[in-house]
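Take a look at the structure below.
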2 protein chains.
Amino acid sequence: MTNDTYHHGDLKNALIRAGVEILARDGIGALSLRSVAREAGVSHSAPYAHFSDKQALIAAISTEGFHRLYAKLEAASAHFKSQPIKQITACARAYADFAVQERDIFNIMFSGVLEQEKAYPEFVEISKATAALLAKIVSSCQDAGIFPTGKTDLLSVAIWGQMHGIVSLALEKQISHTVLDQYKLNEILLFALNQFALVELT
Amino acid sequence: MTNDTYHHGDLKNALIRAGVEILARDGIGALSLRSVAREAGVSHSAPYAHFSDKQALIAAISTEGFHRLYAKLEAASAHFKSQPIKQITACARAYADFAVQERDIFNIMFSGVLEQEKAYPEFVEISKATAALLAKIVSSCQDAGIFPTGKTDLLSVAIWGQMHGIVSLALEKQISHTVLDQYKLNEILLFALNQFALVELT
DNA sequence: TGTATAATCTAGACAGTGTAAAGATATAAT
DNA sequence: ATTATATCTTTACACTGTCTAGATTATACA
């Protein structure tokens with residue numbers, strides 16, 4: 001797609017890819033409209049043909065991040081089809097892995113896109129789908145007698161929040177390294193998840 | 001302190017107060033070195049006499065934020081002296097209240113200060129003290145038979161992470177408003193906290 | 001097919017930002 | 001009292017997001 005014509009052909013997606021690349025390579029501080037344009041090889045104001053402002057580009061990059069997170073959770077879940085215990089623990093691990101490995105995308109995904117007055121339908125869609133995927137897994141755990149029945153959405157939000165918070169604090173280095181070294185992130189997540197469970201998750 | 005002399009007298013603290021004020025009034029997007037200097041009535045590079053760079057100012061504002069959070073948790077805890085059940089639930093509510101009411105300070109406190117290569121001793125001190133305060137309350141809950149004994153630090157981190165994550169997702173509007181309207185933030189927190197408890201927390 | 005219209009991209013400009021350097025002014029130390 | 005140090009202002013620079021005007025290409029319609 002990256003031919004040498006005046007018109008790029010697929011600039012919108014190229015800009016999103018460039019943003020993801022910059023986040024992974026140079027970190028969140030290096031992500032600017034202009035750096036993304038440079039990375040994609042276009043002029044500094046070319047992005048405005050596809051994104052109304054910087055927030056819109058960030059929303060698009062965050063949307064891509066949610067797609068990756070969804071795919072990772074979906075894969076973890078599919079890998080243990082009809083084994084709810086393994087599904088939920090694998091998802092917790094996948095969530096943590098994603099946050100650690102794609103740290104800056106993870107951070108940008110949760111840095112206020114939905115708080116904006118503007119609506120970003122694709123972002124809303126995939127983030128809702130991700131929440132629904134978690135709820136589905138939690139629900140199947142309930143059906144399997146792993147979690148108490150009822151209030152699936154409440155349970156699901158509580159579990160998501162728990163995973164999210166523990167992972168976030170760890171990324172922020174707010175969890176003392178003596179604790180983190182002793183237990184490791186996955187063990188903390190498992191311990192926390194087990195509080196909800198009727199049988200032991202391992 | 002704000003006399004009309006060339007030397008301000010207490011510029012460092014004035015800048016921190018100005019930063020806090022801007023965060024509360026105009027939000028995180030309006031927080032710049034120059035806006036803080038303007039708010040304090042000094043030239044745009046005056047802050048460099050007291051802060052090595054913007055990160056250092058943000059660290060100082062975040063430190064002030066942690067002092068406020070600590071004070072709020074301490075007050076909630078002190079108000080229910082030797083009533084561990086009420087202490088822990090009051091702390092959860094206080095944590096959520098702080099996050100909601102001082103939203104932008106809360107966000108800046110958890111936006112990577114400790115990830116920096118530079119060390120900010122006062123920030124480390126108060127954030128450790130806050131974690132220690134939570135651990136103390138959790139420990140007293142263990143002594144009172146509210147939480148299972150042992151692994152206090154693990155338990156404490158899991159509970160902190162849980163509160164932090166649920167509150168963060170709510171601030172981010174990632175918790176669907178149908179769920180949030182139905183249960184309210186405090187109820188979600190209480191439900192989640194109860195998973196750790198041997199007796200019912202209310 | 002040819003031409004008007006729209007979409008896409010470039011170039012230039014502007015105000016705002018973080019930061020560095022040089023100089024002015026007040027305080028502290030001797 | 002003089003020197004040294006801390007504090008603050010002014011100026012300057014590169015970089016940012018965004019706006020405008022104009023160039024180039026694709027699309028739609030006659």
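Letters A, B, ... are given to chains in the order of the sequence lines, protein chains preceding strands, and every chain is numbered from 1.
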Nearest to the side chain of Tyr48(B), heavy atoms from C-beta on, is which of dT8(C), dG12(C), dT19(C)?
dT19(C)
Starting the side chain at C-beta, find the nucleotide from dG18(C), dC9(C), dT9(D) nearest to Ser32(B).
dG18(C)
Say whether [X] and [Y], considering side chains only, have a donor N or O and an acceptor N or O under 3.5 Å apart.
X: Asp104(A); Y: Asn107(A); value: no
X: Gln87(B); Y: Lys136(B); value: no
X: Ser32(B); Y: Ser35(B); value: yes

Using whole Å, report how far [atom1] of [X] lies from [atom2] of [N].
X: Asp26(B); N: dG16(C); atom1: CG; atom2: P; value: 15 Å
X: His44(A); N: dG17(D); atom1: NE2; atom2: P; value: 10 Å
X: Ile58(A); N: dT16(D); atom1: CD1; atom2: P; value: 14 Å
X: Asp53(B); N: dC15(D); atom1: CG; atom2: C1'; value: 17 Å
X: Arg38(A); N: dT10(C); atom1: CZ; atom2: P; value: 14 Å
X: Leu15(B); N: dT9(D); atom1: CG; atom2: P; value: 10 Å
X: Arg34(A); N: dA14(D); atom1: CZ; atom2: P; value: 14 Å
X: Leu11(B); N: dT7(D); atom1: CG; atom2: C1'; value: 9 Å

Under the salt bridge (charged side-chain N to carboxylate O under 4.0 Å, His left out) criterion, do Glu39(A) and Arg34(A) qualify, and how do the steps go?
CA-CA 9 Å; Glu39(A) 178 86 16; Arg34(A) 295 171 100 111; over 6 Å; no
In Phe106(A), Tyr120(A), Phe110(A), the residue satisfying ring-ring contact (aromatic ring centres under 6.0 Å, His included) with Phe66(A) is Phe110(A)
So does Ser45(A) reach the base of dT18(D) with its side chain, donor to acceptor, closer than 3.5 Å?
no
Looking at Arg103(B) and Glu115(A), is any side-chain nitrogen of the basic one under 4.0 Å from a carboxylate oxygen of the acidic one?
yes
Are more than 12 heavy atoms from other residues, nucleotides or ligands located less than 6.0 Å from atom NZ of Lys72(B)?
yes
Note the angle between the end axes of the helix from dT1(C)-dA30(D) to dT30(C)-dA1(D), five pairs defining each, rounded to 10 degrees.
10°
